[in-house]
Structures are given as C-alpha cells and as structure tokens.
Amino acid sequence: MASVKTLLNTLKPVLFLAVLPSLVIFGVIFVFQRPAHNIEPTTPYTDIRISNSSVKLNKTGNNFGTISQKEGLVDTVYEVTNTGSEDIFLKEMYTSCACTKAQLIYPDGSTSSLYTMKGHANPQDFYVGKSIKPGETVKIKAVFDPNAHGPQGIGYIKRNIMLDTNMRERSLIQVSLEADVTK
Ligand SMILES: [Cu+2]
C-alpha cells in the first residue's frame, strides 16, 4: 500500500503535466472542428442528397373567381404525391406576396407553421426540413387575404406558392392562385 502511495505521489506531477496539456489540445481541436456545421445559418440543407423521385400534383392552380373583401380569407388545398421510390426532402416554402400564406399538412395530420413572402420573416422561418416518403401525399394549404393590401387591393390578382425540394428534375414545386377581388 505504502509503495503504491509513494508511486502515485511521484507520478502526480507527471500526470498533471501530461494530462492537462492533453486536455487543452483536445479542447482546441474540438472547438476548431465544430464550426463547419454551424457557420452557415442561411443555407441549412447543403448536405442533403439529390432525390431521383418526382411528384404528381392534383392541381397546380386554383381560381377562386369573384371574391369580396367583406367576406375575408379564402383558402385552397393542393396535393403533392411522391411518385418515385426515394424520399423527397422539403427544404423551404415561401409565397410571392405577404397577402398569401401557405401551410403544409403532413400525412399524419400534423401541420407546419404559416409560410409567407421572403423578406417578411427571418430566413429560418422558411425552412421546412421534412420528407415525403414514396407514395405519400403532403398537402399545401394556401390562404389568401383580400384585405391585406387595404381597400385599394381590388381587381385581378395572381399569387404563387413555392416549395423548394431536393428533386433532381424541377426541384421547385410551384402552385398558384387567382381571384377577382371586389369590395
Ligand atoms: Cu399581396
């Protein structure tokens, strides 16, 4: 026992001198290796593989016909089905104008937040980060507010909703809506 204690006492300074610098070196390596993943908040999905799947939409446009500001919001739902054999990753969603909001409805019934026009929210508010599995259908619900532009916002309107994906062909899914807005 005594000899072990003596040995430990002798080694203490050595351990201290060897272990402490090692911890510092590992700490430095750790800190310098990390930023690669955290440095680019505006392009979050750069390491996502391209998908060979494509989609089928039940419709790409919706004409509301004549609508009135008095009656307020109108909405429509587009269905996007993955017809391929690989997952399709959904990167970002945004609309062409802040009067139009878009929401994703997933197969399990859960919903995303409301996406708006670029510049009208923080960059990360446009990120989706979900996948459509082969055969699955995700719905895009678009809501148009005929009062968003004030009393002057009457007449013909056309708005687009964009969903950016990792599909090899035509990675941007775009649907539109039209209406004649009256008072
Ligand atoms: Cu608008």
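Remember, it's 1-based here, ligands and their atoms both numbered in the order they're listed. Reckoned from all heavy atoms, side chains included, excluding hydrogens, waters and symmetry mates. Note that the numbering runs from 1 along the sequence shown for the chain.
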- Item | Atoms (protein N, O or S; no water) under 2.8 Å from the Cu ion (ligand 1) | 3
- Item | Check: Glu136 main-chain N/O paired with Asn82 side-chain donor or acceptor under 3.5 Å | no
- Task: Would you check if the side chain of Asn62 reaches a backbone N or O of Leu177 as a donor-acceptor pair within less than 3.5 Å?
- Result: no
Using residues 108-115 as the side-chain source, report each donor-acceptor pair under 3.5 Å to any protein atom, sequence neighbours left out, with the distance given to one decimal.
residue, atom, partner, partner atom, Å
Asp108, OD1, Ser110, N, 2.9
Asp108, OD1, Ser110, OG, 2.6
Ser112, OG, Leu104, N, 2.8
Tyr115, OH, Tyr127, O, 3.2

- Message: Any side-chain to backbone donor/acceptor pair from Asn58 onto Glu79? Under 3.5 Å, distance only.
- Response: yes
- Just by distance, do the side chain of Gln69 and the backbone of Gly150 share a donor-acceptor pair under 3.5 Å? yes
- Message: Test your reading of the model: is there a side-chain donor-acceptor pair from Thr60 to the backbone of Val175, 3.5 Å cut-off?
- Response: no
